[in-house]
Amino acid sequence: MWDCSDYFNRDTSGGKALGFGNYPEIAEIFSSRSYEVQRNVTGSGLAKVEERQSLAPESIYDNSYSKTQTSTAIAYTGYSDSSWQVNTAQIESTWDPDVHMCGVVCNNKEFTTAATGTYTVSLDFSNSILAGGETNFVSGAGKANGGYHLYLHITNGNKILSGKKITVTEIKAGSTSIPMSGPLSTTASGSGNVSLEVYSEWGSNKLIDISKISNASILSITFKIQ
């Protein structure tokens, strides 16, 4: 539960309209989940806590990528799921594309020169703990949960791949190819990042049936540089 203390007041006297004193059922939710109560949990309850703790990553972000470097272009899968628990969709010059959200592994591709060829980037949900949504906060969730956005992002792509045409050629959910309703390409030029929008819930491009990626353990984007 996300409690910012800006709706229910913890006053228990009943003197405040939205105080806990007037909403004992809400007060019970908070008190039953307090540290003082849960720190002494035993048996199967303790086992569940320990299981979840063992699955939790040391950090949400892997900061091995320098946020200030401009000599490398990094292609990766920009994706946000239906629960917003997994979100690599944004792209900014100061944002780390090597982010690992909720156990999801980003398999990226780096370029230091204007290469040509066909490449694939992907997200691996196999060991994810939240990828199936909040209700699947257990070992083995391991799947994508719908989606709001899907992009091919390449940080510094316009600079490193300048003059090259970049075309998304295939989207796959696991081993299944998902049909695209139209072409998607751009030519890198200038500076900054390349972003090719495959699907956006609120944008103009909806080139795939986003429901087709639900339950995929691996989500991949294949693209050609020429």
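Numbering starts at 1 and runs along the sequence shown.
Scanning both residues, K165 and S185, for their nearest heavy atoms gives CE-OG, 3.7 Å. Of all the heavy atoms in G147 and I210, the pair that sits closest is O-CG1, 3.5 Å. Scanning all heavy atoms of the two residues, the minimum distance from A188 to G157 falls at CB-O, 3.7 Å. Of all heavy-atom pairs between K164 and T116, the closest is NZ-CG2, 3.4 Å. For the residue pair V121 and K109, the shortest heavy atom distance occurs at CG1-N, 3.8 Å. A173 and A216 make their closest contact through CB-CB, 3.7 Å (heavy atoms, listed as atom of the first residue, atom of the second, distance).
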| request: With side chain to side chain contact (heavy atoms under 4.5 Å, CB included) as the test, would you mind laying out the steps for I171 and Y199 before giving the verdict? | output: CA-CA 11 Å; I171 309 295; Y199 180 92; over 6 Å; no
| message | Show, in sequence, the C-alpha distance, side-chain angles and deciding distance for I218 and N107, and conclude whether the side chain to side chain contact (heavy atoms under 4.5 Å, CB included) test is met. | response | CA-CA 10 Å; I218 296 179; N107 297 304; 6.0 Å; no
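No hydrogens or angles considered: nothing links the side chains of S195 and N193 as a donor-acceptor pair under 3.5 Å. Side-chain contact check for T112 and T72: no donor-acceptor pair (N or O, by modelled atom type) lies under 3.5 Å.
Atom NZ of K206 sits about 14.5 Å away from atom CE of M180, to the nearest 0.5 Å. The distance from atom NZ of K172 to atom CD1 of I221, rounded to the nearest 0.5 Å, is 13.0 Å. Atom CG of L219 is separated from atom NZ of K143 by 15.0 Å, given to the nearest 0.5 angstrom. T187 contributes atom OG1, which lies 9.0 Å from atom CD of Q226 (distance to the nearest 0.5 angstrom). Rounded to the nearest 0.5 angstrom, K212 NZ and S177 OG are separated by 12.0 Å. Here I208 contributes atom CD1 and L184 contributes atom CG; the two are 10.5 Å apart, rounded to the nearest 0.5 Å.
Taking the side chain as every heavy atom from C-beta outward, S181 and L207 approach each other to under 4.5 Å. For the pair N156 and L161, the minimum side-chain heavy-atom distance is 4.5 Å or more. Two residues are said to be in side-chain contact when any heavy atoms from C-beta on lie closer than 4.5 Å; L152 and I166 meet this criterion. Counting heavy atoms from C-beta outward, T155 and Y76 have side chains that approach closer than 4.5 Å.
In this structure, D209 contributes its side chain and S211 its backbone to a donor-acceptor pair below 3.5 Å. Counting only distance, with no hydrogens or angles, the side chain of S217 and the backbone of S126 share no donor-acceptor pair below 3.5 Å.
None of I154, T186, N205 except one satisfies the side-chain contact (heavy atoms from CB on, under 4.5 Å) rule with L196; the exception is T186.
Ring orientation note: the planes of F125 and Y79 are nearly perpendicular, at an angle over 60° on the 30°/60° scale. Note on ring orientation: taking the six-membered ring where Trp is involved, the planes of F223 and Y119 are tilted (angle from 30° to 60°).
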